[in-house]
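What you see below is based on every heavy atom in this structure, not just the backbone, and it leaves out hydrogens, waters and symmetry mates. Chain identifiers are assigned alphabetically (A, B, ...) following the order of the sequence lines, protein sequences preceding nucleic acid strands; residue numbering begins at 1 within each chain.
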Number of protein chains: 2
Amino acid sequence: MDRKTRTRYEARARIIKAMAHPTRLFLVDQLSQRERCVCELTEMVGADISTVSKHLSLLKAAGIVTDEKRGTQVFYSLRVPCVLRFFDCVGAVMTSLAEEEREALLAG
Amino acid sequence: MDRKTRTRYEARARIIKAMAHPTRLFLVDQLSQRERCVCELTEMVGADISTVSKHLSLLKAAGIVTDEKRGTQVFYSLRVPCVLRFFDCVGAVMTSLAEEEREALLAG
DNA sequence: CCGCTATTTGACCGAACCGCCAATCACGAC
DNA sequence: GTCGTGATTGGCGGTTCGGTCAAATAGCGG
């Protein structure tokens with residue numbers, strides 16, 4: 001794998017990594033419905049506001065969400081809706097995983 | 001977020017996390033073409049065979065790939081092709097990211 | 001200006017991750 | 001059986017991640 005190829009896969013991995021956390025998946029899921037302010041998301045998640053804020057800025061840095069300040073609040077919204085398709089595929093993988101485990105059980 | 005919801009998002013995150021690494025993305029990409037043995041993949045990646053083996057078993061544990069032992073070699077293949085759609089979306093996110101940066105540049 | 005609320009940022013610390021090395025296991029050839 | 005090759009596993013440093021706390025910043029109302 002040459003240097004250029006490696007760089008390309010690293011860039012891709014950075015974006016997927018941004019999705020690879022339960023709280024951030026939840027946030028993306030919520031933002032797919034409509035924009036929400038940090039305080040609202042914080043209440044939904046049930047964690048410290050600084051934690052949620054950091055997750056959101058990570059998603060923003062990855063290019064997945066955008067923010068817009070209105071008065072004293074900051075509203076986040078989903079910028080790239082195609083990430084929602086991750087969920088479908090993840091469902092397929094989970095099915096595959098269950099199958100694999102069943103096969104292993106039968107084999108053993 | 002109640003306990004059940006959290007568990008569901010954790011399960012999803014585990015699978016996405018399995019994809020969130022440049023080497024593993026590369027492996028998935030290669031396996032989308034055809035099955036390959038560990039030694040072949042190792043040579044392509046250019047890392048220690050133990051490293052590649054661990055990445056592959058991680059992908060397997062996530063349900064994304066399967067392995068089949070034939071003689072002294074182990075062949076891995078892609079089990080859930082839909083993960084390839086990740087790449088398209090990642091491309092879209094990268095475009096969005098470039099846009100966002102350009103906007104920030106103009107605004108600043 | 002001050003106080004209040006919403007949010008971000010920095011420091012800290014435990015946990016998880018990554019890559020290499022060595023040891024081990026599995027298989028085929030002899 | 002021994003040897004050689006392919007692959008997995010365990011362990012060890014170094015790095016990154018995630019959550020919490022405290023401090024800093026930003027906007028609004030008085």
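Taking 4.0 angstrom as the limit, A:H21 places none of its side-chain polar atoms (N or O) nearer than this to OP1 or OP2 of C:dA16. Contact between the side-chain N/O atoms of A:Y76 and the OP1/OP2 oxygens of C:dA6 is not found at any separation under 4.0 Å. Put simply, B:S53 has a side-chain N or O that comes within less than 4.0 Å of OP1 or OP2 on D:dT8. Under 4.0 angstrom from either OP1 or OP2 of C:dC17 there lies no side-chain N or O belonging to B:H55. Between A:T51 and D:dT20 there is a side-chain polar atom (N or O) within less than 4.0 angstrom of OP1 or OP2. Applying the 4.0 Å criterion to OP1 and OP2 of C:dT5, one finds that A:T72 has every side-chain N and O outside that range.
Note on A:R36 versus A:E43: no salt bridge recorded, every NZ/NE/NH1/NH2 to OD/OE distance being 4.0 Å or above. Taking a cutoff of 4.0 Å between a charged side-chain nitrogen and a carboxylate oxygen, B:E35 and B:R70 qualify as a salt bridge. Between B:E100 and A:K60, no side-chain nitrogen of the basic residue sits less than 4.0 Å from a carboxylate oxygen of the acidic one, so the salt-bridge criterion is not met.
Put simply, CD1 on B:I49 is 15 Å from P on C:dG19, counting in whole angstrom units. Taking atom CE of residue A:M19 and atom C1' of nucleotide D:dC17, one finds them 18 Å apart after rounding to whole Å. Separating the CD atom of A:Q73 from the C1' atom of C:dT8 is a distance of 15 Å, rounded to the nearest angstrom. Taking atom CG of A:L27 as the reference point, atom P of D:dG18 lies 12 Å away to the nearest angstrom. Rounded to whole Å, atom P of C:dT5 lies 15 Å from atom CD of A:E43. Put simply, CG on A:L56 is 15 Å from C1' on D:dG19, counting in whole angstrom units. Here C:dC18 presents its C1' atom at 14 Å from CG of B:L59, a figure rounded to the nearest Å. Between the CZ atom of B:R14 and the P atom of C:dC17 there is a distance of 11 Å, given to the nearest Å.
Looking at A:S50, its side chain comes within 3.5 Å of the base of D:dC21 through a donor and an acceptor atom.
Proximity note for B:D48 (side chain, C-beta onward) versus C:dT7, D:dA7, C:dC21: the nearest is C:dC21. Comparing D:dT8, C:dT8, D:dG6 by their nearest atom to the side chain of B:V38 picks out D:dT8.
The residue B:F75 sits apart from the nucleic acid: no heavy atom pair falls under 4.0 Å. Note on B:K54: a base of the nucleic acid sits closer than 4.0 angstrom, heavy atoms only. If you check every strand for non-hydrogen atoms under 4.0 Å, A:R24 touches sugar and phosphate atoms only.
When every heavy atom of B:S32 is checked against every heavy atom of B:D29, the shortest pair comes out as OG-O, 2.6 Å.
In terms of position along DNA chain D, the nucleotide closest to B:V74 lies nearer the 5' end than the nucleotide closest to the other residue of the pair B:K17 and B:V74. Along DNA chain D, the nucleotide nearest B:S57 and the nucleotide nearest A:R70 are compared for position; the residue whose nucleotide lies closer to the 5' end is B:S57.
Cluster annotation: B:V93 and A:L25 are assigned to the same hydrophobic cluster (Ile/Leu/Val/Met/Phe/Trp/Tyr, side-chain heavy-atom contacts under 4.5 Å, transitive). Cluster membership for A:V80 and A:F75, using ILVMFWY side-chain heavy atoms within less than 4.5 angstrom, is not shared.
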